[in-house]
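Heads up: the structure comes next, in structure tokens.
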Amino acid sequence: MASAEVGDNVLDGDPTIKALEERAAAVLGMPAALWTPSGTMANLIALSVHLQRGDRFLAPKGAHVLVNELGSAAWLAGGMPDPLEHDAGPGRPTPETLAAAIGPRSGPYFTLRTTLLCLENTHNASGGAVIPPHEHAQLLSTARQAGLRVHLDGARLWHAAAALGLPPAALTVGVDTVSACFSKGLGAPVGSVVAGSANFVERAKRMRQMLGGGVRQGGVLAAAALVALDRVGDLAEDHEKARKLAAGLADLGWEVNTPETNIVLARVADLEVTLASLGAQGILASTLGGKVRFVTHRDLSMADVEEALRRIKAGGHP
């Protein structure tokens with residue numbers, strides 16, 4: 001980062017940011033990409049470009065754009081959000097549910113106009129659940145038949161790709177835009193991209209500036225993201241750590257999900273008591289959807305996971 005070649009990315013461009021954008025676009029299978037300071041900004045930019053004020057958009061229940069972005073999709077992008085039930089599996093609807101939610105393609109002038117589908121892969125609130133390529137294709141086909149555009153929140157797309165043994169571009173087929181984050185398990189301190197057509201990126205750049213995302217010598221941050229892209233293959237190790245943690249917790253009597261990626265969710269009788277007990281044992285966790293949320297990452301070793309399980313066993317079931 002300290003030795004990155006930099007320029008003024010607001011005026012005439014930053015060479016390291018440009019290199020990152022070009023590489024990220026290629027990895028994601030998109031024509032162009034734009035660096036943003038955060039995934040939330042990346043998603044907001046995409047929604048702002050896709051939606052007109054009052055347009056209805058659909059997203060799986062619990063999606064990040066619905067519950068973790070402070071209502072910016074409605075407040076700033078002007079969209080009317082509507083959640084879809086997860087009847088195909090964690091984090092995803094069936095094509096039939098999507099089609100029913102879209103409804104008829106024409107109606108009286110005063111009816112809501114549905115114009116956008118937002119998918120999330122992996123789905124954070126569902127414990128890092130993966131959308132398989134064939135289900136992605138079915139949802140895309142249903143959306144396209146109804147004339148909808150599609151944005152993919154791929155903040156954790158790297159994890160989905162690692163879990164499936166596929167390149168990230170295999171999971172973006174057919175979408176109009178995709179966001180991806182370099183700090184989700186890859187180790188970069190900051191930064192995301194939003195990718196799409198060259199025309200989309202030109203419009204997105206203006207929106208990024210409106211939102212305060214124009215930075216000067218941003219190459220110092222882009223350099224870290226370039227290193228992060230070299231580490232996508234390491235994520236399989238994080239997934240193995242999560243499986244080890246989940247299996248160990250289950251052996252101790254915890255009610256846990258079987259993780260597809262690096263997130264373990266545990267249902268407990270009392271969240272506050274459990275978190276306090278874990279904290280007293282030097283184990284940091286958070287909450288999500290009324291459950292304890294453990295996340296494994298590159299700074300944890302398998303020995304750390306084993307030590308956490310040893311401490312939990314010694315402390316007794318909360």
Side-chain angles (χ1 to χ4, degrees), residues 23-30 33 39-40 42-43 46 59-66 68 84 86 88-95 98 117-141 143 150-188 191-196 225 228-243 245-246 257-265 288 293-298:
R23 183 177 172 192
V27 169
L28 294 170
M30 306 301 282
T40 295
N43 285 335
K61 186 176 180 181
H64 201 275
V65 295
L66 298 180
N68 295 110
L84 298 166
H86 302 180
R92 57 196 190 274
T94 60
L98 173 59
L117 169 65
C118 291
L119 297 174
E120 184 178 335
N121 199 12
T122 67
H123 193 284
N124 175 31
S126 297
V130 175
I131 301 179
H134 68 283
E135 292 191 30
H136 170 91
Q138 292 169 350
L139 293 170
L140 263 289
S141 176
V150 180
H151 172 64
L152 173 60
D153 178 355
R156 293 174 173 81
L157 190 70
W158 325 114
H159 288 281
L164 294 167
L166 295 171
L171 306 180
T172 68
V173 176
V175 304
D176 294 282
T177 52
V178 56
S179 63
C181 182
F182 300 115
S183 65
K184 298 296 188 293
L186 300 182
S192 290
V193 288
V194 60
L229 279 176
D230 292 332
R231 295 177 169 178
V232 173
D234 297 347
L235 295 178
E237 298 176 15
D238 295 340
H239 299 173
E240 182 61 31
K241 297 168 200 170
R243 288 190 290 270
L245 177 62
N257 69 313
T258 300
E260 296 183 62
T261 52
N262 69 323
I263 300 175
V264 178
L265 297 179
L288 183 67
R293 179 178 185 260
F294 300 92
V295 180
T296 56
H297 52 82
R298 65 181 303 103

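In what follows, every heavy atom counts, from backbone to side chain, and hydrogens, waters and symmetry copies are set aside. Position 1 is the first residue of the sequence; numbering continues from there.
Ala188 and Ala228 make their closest contact through CB-CB, 4.1 Å (heavy atoms, listed as atom of the first residue, atom of the second, distance). Residues Ala42 and Val194 come closest through the heavy atom pair O-CG2, 3.7 Å. Among all heavy-atom pairs drawn from Ser192 and Gly39, the shortest one is OG-N, 3.1 Å. Of all non-hydrogen atoms in Pro93 and Leu139, the two that sit nearest each other are O-CD2, 3.5 Å. The shortest non-hydrogen separation linking Gly185 to Arg298 is O-CD, 4.0 Å. Closest approach of Gly196 to Thr177, counting heavy atoms only: CA-CG2, 4.3 Å.
To the nearest 0.5 Å, the span separating CZ on Arg92 from CG on Leu98 amounts to 14.0 Å. The line from CE of Met30 to CG of Leu152 is 9.0 Å long, rounded to the nearest 0.5 Å. A distance of 11.5 Å separates CG in Leu157 from SG in Cys181, rounded to the nearest 0.5 Å. Asn262 contributes atom CG, which lies 11.0 Å from atom CZ of Arg243 (distance to the nearest 0.5 angstrom). For the atom pair CG of Leu66 and SG of Cys118, the computed distance is 8.0 Å after rounding to the nearest 0.5 Å. Taken from OG1 in Thr258 to CG in Leu265, the straight-line distance is 11.0 Å, to the nearest 0.5 Å.
Under the rule for a salt bridge (charged side-chain N to carboxylate O under 4.0 Å, His left out), the partners of Lys241 that lie at least two apart in sequence or sit in another chain are Asp238. Taking Glu237 as the reference, nothing meets the salt bridge (charged side-chain N to carboxylate O under 4.0 Å, His left out) condition, with sequence neighbours excluded. Under the ring pair (Phe, Tyr, Trp, His ring centres under 6.0 Å) criterion, His159 pairs with His239, sequence neighbours left out.
Side-chain atoms of Glu260 never come within 3.5 Å of backbone atoms of Ala163 as a donor-acceptor pair (strictly under, hydrogens ignored).
With a 4.5 Å cut-off on side-chain heavy atoms, Leu117 and Leu140 do not count as touching. Between Val264 and Asn257 there is a side-chain heavy-atom pair separated by less than 4.5 Å.
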Enumerate, atom names and distances included, each donor-acceptor pair closer than 3.5 Å involving a side-chain atom of residues 121-130, sequence neighbours excluded.
| unit_1 | atom_1 | unit_2 | atom_2 | d |
| --- | --- | --- | --- | --- |
| Asn121 | OD1 | Ile131 | N | 2.9 |
| Asn121 | ND2 | Ile131 | O | 3.3 |
| His123 | ND1 | Ser126 | N | 3.2 |
| His123 | ND1 | Ser126 | OG | 3.0 |
| His123 | NE2 | Lys61 | O | 3.1 |
| Asn124 | OD1 | Arg293 | NH2 | 2.9 |
| Ser126 | OG | Gly91 | N | 3.3 |

Under 3.5 Å donor-acceptor pairs involving side-chain atoms of residues 164-176, not counting sequence neighbours:
| unit_1 | atom_1 | unit_2 | atom_2 | d |
| --- | --- | --- | --- | --- |
| Thr172 | OG1 | Leu28 | O | 2.7 |
| Thr172 | OG1 | Ala169 | O | 3.2 |
| Asp176 | OD1 | Arg144 | NH2 | 3.4 |
| Asp176 | OD2 | Arg144 | NH1 | 2.9 |
| Asp176 | OD2 | Arg144 | NH2 | 3.0 |
| Asp176 | OD2 | Val150 | N | 2.7 |

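For residues 154-169, the set of pairs meeting the salt bridge (Lys or Arg N to Asp or Glu O under 4.0 Å) definition, not counting sequence neighbours, is empty.
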